[in-house]
Amino acid sequence: MKGIHSIFLPCFLASAFACFLASAFDPSPLQDFCVAIDDPKNGVFVNGKFCKDPKLAVVDDFFFSGLNKPGNTINRVGSNVTTVNVNQIPGLNTLGISLVRIDYAPNGGQNPPHTHPRGTEILVVVQGTLYVGFVTSNPENRLITKILYPGDVFVFPIGLIHFQFNVGNTPAVAFAGLSSQNAGVITIANVVFGSNPPINLDVLTKAFQLDKNLVTYLQSVF
């Protein structure tokens with residue numbers, strides 16, 4: 001009996017630890033669906049959204065139209081991301097998946113370095129030529145890059161800084177799936193130089209080894 005306990009306990013602890021780690025991501029649904037609602041009166045709070053009574057679910061809770069329409073890329077970075085997550089399709093709540101369309105302007109339109117804190121991204125190019133990549137975590141900080149053409153697929157692991165850059169002279173389009181109902185996005189330059197209130201100049205000057213005047217300029221831009 002003692003031998004059984006000595007085997008069972010480590011297995012139990014390993015399983016419990018695995019469950020704990022799994023809870024750091026979108027949980028598996030405990031029902032067919034959990035259509036998100038903003039009014040808590042008749043709902044139950046689940047992973048950031050309240051759930052509608054399943055009997056009241058309608059077809060539009062699971063529908064979105066418009067990913068065939070190009071996004072406006074006339075902006076500072078030359079790209080546009082059309083997001084389809086739980087905020088656009090309430091029926092995605094608890095299902096752990098979402099989708100985006102990304103349009104890139106010719107000759108350098110980019111989705112600048114960013115991370116998704118809650119989701120891995122898998123991207124497929126449908127038009128144009130993209131230079132894409134991600135950087136591994138400390139201490140290696142290894143850059144992994146690839147030139148993608150229509151039909152090519154690339155994966156960006158959860159939480160790692162990654163980017164896409166249009167190296168062609170025509171518009172580019174890609175679609176990406178994310179392993180979260182709301183993966184979130186942290187655009188590095190926007191967060192560092194555009195925080196509200198601004199990060200202390202001394203912090204950024206030392207962290208990036210930049211002149212204070214340049215940091216001040218970057219904060220004014222972002």
Side chain proximity check, Val185 to Val81, heavy atoms < 4.5 angstrom: no
Within the distance-only criterion (no hydrogens, no angle test), does the side chain of Asn75 pair as donor or acceptor with the backbone N or O of Ser79 below 3.5 angstrom? yes
Tell me, do Pro171 and Asp103 make a side-chain contact under 4.5 Å, heavy atoms counted? no
Could you walk me through whether Phe193 and Leu204 pass the side chain to side chain contact (heavy atoms under 4.5 Å, CB included) test, one step at a time? CA-CA 8 Å; Phe193 297 107; Leu204 297 181; 4.0 Å; yes
Quick one: are Thr115 and Ile188 in side-chain contact, heavy atoms under 4.5 Å? yes
Phe134 CZ to Arg142 CZ distance, which is reported to the nearest 0.5 Å: 7.5 Å
Mind checking the CG-OG1 spacing from Leu201 to Thr216? Nearest 0.5 Å is all I need. 4.5 Å
Check step by step if side chain to side chain contact (heavy atoms under 4.5 Å, CB included) holds for Lys212 and Asp202. CA-CA 8 Å; Lys212 282 190 175 182; Asp202 292 330; 2.7 Å; yes
When you compare the side chain of Thr83 with that of Ser98, does any pair of heavy atoms fall below 4.5 Å? no
Once side chain to side chain donor-acceptor pair (under 3.5 Å) is applied, what residue pairs with a partner in residues 119-138 remain, sequence neighbours excluded? His116-Glu121, Glu121-His162, Asn138-Asn141
Would you say that Gln219 contacts Ser195 through its side chain, given a criterion of any heavy-atom pair below 4.5 Å between the two side chains? no
Let me see the working for Phe156 and Val132 under side chain to side chain contact (heavy atoms under 4.5 Å, CB included), right down to the final yes or no. CA-CA 9 Å; Phe156 305 103; Val132 308; 3.9 Å; yes
Just so I know, are the side chains of Leu67 and Leu99 near enough to count as touching, which here means a heavy-atom distance under 4.5 Å? yes
Report whether Leu92 and Phe64 are members of the same hydrophobic cluster (ILVMFWY, side-chain heavy atoms less than 4.5 Å apart, transitive linking). yes
Indicate the atoms forming the closest heavy-atom contact of Asn93 with Phe50, along with that distance. ND2-O, 4.2 Å
